[in-house]
Number of protein chains: 2
Amino acid sequence: MSALADPTRRAIFERLVDGPKAVGQLAEGLPVSRPAVSQHLKVLREAGLVVDRAVGTRRVYQLNPAGLGALRAWLDRFWDQALAAFTAAAESEGKHEHD
Amino acid sequence: MSALADPTRRAIFERLVDGPKAVGQLAEGLPVSRPAVSQHLKVLREAGLVVDRAVGTRRVYQLNPAGLGALRAWLDRFWDQALAAFTAAAESEGKHEHD
DNA sequence: CACTTACGTAAGTTACGACTTACGGATGGC
DNA sequence: GCCATCCGTAAGTCGTAACTTACGTAAGTG
C-alpha cells in the first residue's frame with residue numbers, strides 16, 4: 001500500500017501496464033535519474049507488485065498480478081464492512097428522524 | 001492513494017471499519033496524541049475516504065464508501081490490463097521455449 | 001453564566017524518504 | 001581479452017510530512 005504512495009513510483013507502475021520494460025526504458029520518460037528508478041523498483045519488488053528477470057545485460061521488470069490481487073483483496077475486505085457500517089449508520093439516523 | 005500510505009493513518013482507517021467513531025475514541029487506542037489524529041483525519045477527509053459530522057461537542061467520523069469505491073475502480077483498471085499484459089508476456093515466453 | 005469537555009489549528013522540531021553523483025560488477029560484441 | 005553497455009548499491013544532501021506542545025473555539029452542564 002505504502003509502496004504506491006510516491007507519485008514517481010506510481011508513474012513507473014503505470015508505465016509497466018503496457019508491458020515489461022527494462023530499467024533504462026523506464027527511466028527514459030521520467031524526470032528522475034536511472035538509479036532513482038532502480039531504487040523505486042526495489043521497493044515495488046519487495047512489495048510484491050513487480051517481478052524482474054535478467055535478459056542479457058539488462059533487467060526487465062513487469063507487473064505481478066498476484067501483488068495487485070492481494071491489494072484488491074485487502075481493499076475489498078474494507079469495502080464490504082464499510083458499506084455495511086455506513087448503511088447501519090444511515091438507518092440509525094433515520095430512526096432518530098422518526099422519533 | 002497516498003492518503004493510505006502512512007501506517008498511523010491506515011490504523012485509523014481500520015478502526016473506522018467497525019463503525020463511526022469520535023476523534024477521542026480513535027486517539028485512545030493509538031500511540032499518538034489526539035491532535036495528531038485530527039491532522040490525519042483531515043488528510044483522509046480531503047482524500048474523500050471519510051466523512052464527518054458534528055454530534056454535540058464531538059465530531060464523529062466514518063468511512064465514505066464513495067471514496068473506497070473510487071479506489072477500487074482505480075485499482076481494477078490496472079488489474080485488467082496487468083493480467084492481460086502478464087498473460088501476453090507468458091505466452092511470448094512459451095513461444096521462445098518452443099523454438 | 002462559570003466550568004468542563006471535545007475538538008481544530010499554529011508553530012516548531014525531528015525523522016524519514018526521495019534524489020543525486022560516484023563507484024563496482026556482470027554481460028555482449030568485436 | 002578489451003571495451004562498451006546496463007544495472008545495482010553506497011554515501012550524502014535536502015525537502016517534506018508526521019509528531020509534539022500550546023492555544024483558541026464551540027457546545028453541553030449545573
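Residue numbers start from 1 in every chain, and the chains themselves are labelled A, B, ... in the order their sequence lines are given, proteins ahead of strands. Side chains included, hydrogens not; waters and symmetry mates left out as well; all remaining heavy atoms used.
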Please report the distance, rounded to the nearest Å, between [atom1] in [X] and [atom2] in [N].
X      : N       : atom1 : atom2 : value
H40(B) : dT9(C)  : NE2   : P     : 15 Å
D52(B) : dG8(C)  : CG    : P     : 8 Å
R58(A) : dG28(C) : CZ    : C1'   : 11 Å
I12(A) : dC19(C) : CD1   : C1'   : 12 Å
R53(B) : dA26(D) : CZ    : C1'   : 18 Å
D6(A)  : dC16(C) : CG    : C1'   : 13 Å
Q39(B) : dC7(C)  : CD    : P     : 15 Å
K21(B) : dC7(C)  : NZ    : C1'   : 18 Å

Side chain to side chain, [X] and [Y], heavy atoms closer than 4.5 Å:
X      : Y      : value
V43(A) : D6(A)  : no
D52(B) : V60(B) : no
M1(A)  : R10(B) : yes
L63(A) : L49(A) : no

For the side chain of [X], starting at C-beta, report the closest nucleotide among [options].
X      : options                   : result
K42(A) : dT9(D), dC6(D), dG8(C)    : dT9(D)
R34(B) : dA27(D), dC7(C), dA18(C)  : dC7(C)
T57(A) : dA10(D), dT20(D), dT27(C) : dT27(C)

*Tell me what A54(A) touches on the nucleic acid: a base, only sugar-phosphate, or nothing, going by heavy atoms under 4.0 Å.*
nothing
Between [X] and [N], does any side-chain N or O lie under 4.0 Å from OP1 or OP2?
X      : N       : result
T8(B)  : dA18(D) : no
R9(B)  : dA18(D) : yes
Y61(A) : dC6(D)  : no
S33(A) : dT20(C) : yes

*For V32(B) and for P35(A), locate the closest nucleotide of DNA chain D by heavy-atom distance; then report the residue assigned to the nucleotide nearer the 5' terminus.*
P35(A)
*asked:* According to a hydrophobic-cluster definition based on side-chain heavy atoms being under 4.5 Å apart (Ile, Leu, Val, Met, Phe, Trp, Tyr only), do W79(A) and V51(B) belong together?
replied: no
